[in-house]
Novice: 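Here it is, the structure, as structure tokens.
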Amino acid sequence: MKKTRNILMAEFWTGIVVSLALVAAYESDVLAVGACASASGAEFAAMTAMELLTLVAIPLSLRMFRFAPVRHALAVGADRALARWGTVRILLLALPMVANTLLYYLFMSTTFGYMAIILFLCMPFVFPALGKCYYEVSMAEKDK
């Protein structure tokens, strides 16, 4: 269980560190800010896609371990299923957060920045603490 938790912890912090690295690179003028600012059609398409993805990803990731197939997988093969579904849950928040951070600096549209901040604020709810890992597996085993 500790190895699984360490893997999940690395995935958790990687998404945050990559987003912070993008912010640092753009704010220090290492990368060009607003490179796609004139492409309004691309901005609209990206904004629509990211808004829908963010709206779906947040509730899905926060309630994922309550779905019957996930609970069953956790009850049958706890360690492997926790690694798989924990990774999916973290990536559901981390990938759109990184994408929104990048798109904010490419288009200089605050909508992307706000979505990245909202996803960042949701990250502590999926923090893979060891006690939480044991709790999620034990709750799944109770449902058996």
Novice: Who passes side chain to side chain contact (heavy atoms under 4.5 Å, CB included) against Ala129, sequence neighbours left out?
Specialist: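 Ala129: side chain to side chain contact (heavy atoms under 4.5 Å, CB included) contacts with Phe127, Lys132.
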Novice: Does Ile7 share a hydrophobic cluster with Val18, counting links as ILVMFWY side-chain heavy atoms below 4.5 Å and allowing steps through other members?
Specialist: no
Novice: Would you list the pairs meeting salt bridge (Lys or Arg N to Asp or Glu O under 4.0 Å) in which at least one residue belongs to residues 85-98, sequence neighbours left out?
Specialist: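 Qualifying pairs, neighbours excluded: Arg89-Glu136.
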Novice: So if you build clusters from Ile, Leu, Val, Met, Phe, Trp, Tyr with side-chain heavy-atom gaps below 4.5 Å, do Leu62 and Leu55 land together?
Specialist: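 Result: no, two separate clusters.
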Novice: Closest heavy-atom contact between Ser109 and Tyr104?
Specialist: O-CD1, 3.1 Å
Novice: The criterion is side chain to side chain contact (heavy atoms under 4.5 Å, CB included); which residues satisfy it with Leu91, sequence neighbours excluded?
Specialist: Thr87, Leu95
Novice: Would you name the heavy atoms of Leu93 and Ala57 that are closest together and state the gap between them?
Specialist: CD2-O, 4.3 Å
Novice: Please enumerate all residues that pass side chain to side chain contact (heavy atoms under 4.5 Å, CB included) together with Ala42, with sequence neighbours excluded.
Specialist: Ala39, Phe107
Novice: Mind checking ring pair (Phe, Tyr, Trp, His ring centres under 6.0 Å) for Phe65 and listing every partner two or more places apart, or none if nothing turns up?
Specialist: none
Novice: Taking only residues two or more places apart in sequence or in another chain, which ones pass side chain to side chain donor-acceptor pair (under 3.5 Å) with Glu51?
Specialist: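 Testing Glu51 for side chain to side chain donor-acceptor pair (under 3.5 Å), a comparison that skips the adjacent residues, returns none.
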Novice: Can you give me every donor-acceptor pair (side chain of residues 24-36, partner residue at least two apart or in another chain, under 3.5 Å) with its distance?
Specialist:
| residue | atom | partner | partner atom | Å |
| --- | --- | --- | --- | --- |
| Glu27 | OE2 | Tyr105 | OH | 2.7 |
| Ser28 | OG | Ala24 | O | 2.7 |
| Ser28 | OG | Ala25 | O | 3.4 |

Novice: Going by the rule side chain to side chain contact (heavy atoms under 4.5 Å, CB included), which residues pair with Val88 if we only count those two or more places apart in sequence or in a different chain?
Specialist: Met64, Trp85, Leu92
Novice: Could you work out the complete set of other residues in the hydrophobic cluster of Val56, with links drawn between I, L, V, M, F, W and Y side chains under 4.5 Å apart?
Specialist: none
Novice: Grab the two heavy atoms, one from Gly15 and one from Ala94, that are nearest each other, plus how far apart they are.
Specialist: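 So the minimum-distance heavy-atom pair works out to CA-CB, 4.1 Å.
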Novice: How far apart are the closest heavy atoms of Ala81 and Ala73, and which atoms are they?
Specialist: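 So the two residues come closest at CB-O, 3.2 Å.
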Novice: Less than 4.5 Å apart, side chain to side chain, heavy atoms only: is that true for Arg80 and Thr4?
Specialist: no
Novice: Scan for salt bridge (Lys or Arg N to Asp or Glu O under 4.0 Å) pairs involving residues 122-131, sequence neighbours excluded, and state none if there are none.
Specialist: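 Sorted pair list comes back empty.
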Novice: For a quick test of reading the model, state the closest non-hydrogen atom pair linking Phe67 to Leu60 and the distance between them.
Specialist: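 Result for this residue pair: CE1-CD1, 3.5 Å.
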Novice: Ser19: which residues meet the side chain to side chain donor-acceptor pair (under 3.5 Å) condition with it, sequence neighbours left out?
Specialist: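 Ser19 satisfies side chain to side chain donor-acceptor pair (under 3.5 Å) with no other residue.
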Novice: Please check if the side chain of Thr48 supplies one atom and the backbone of Ala45 the other of a donor-acceptor pair under 3.5 Å.
Specialist: no
Novice: Where is the tightest heavy-atom contact between Leu53 and Pro96, given as atom of each residue plus distance?
Specialist: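 Closest heavy-atom pair between Leu53 and Pro96: CD2-CG, 3.9 Å.
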Novice: Could you tabulate the donor-acceptor pairs under 3.5 Å formed by side-chain atoms of residues 112-120, not counting sequence neighbours?
Specialist:
none

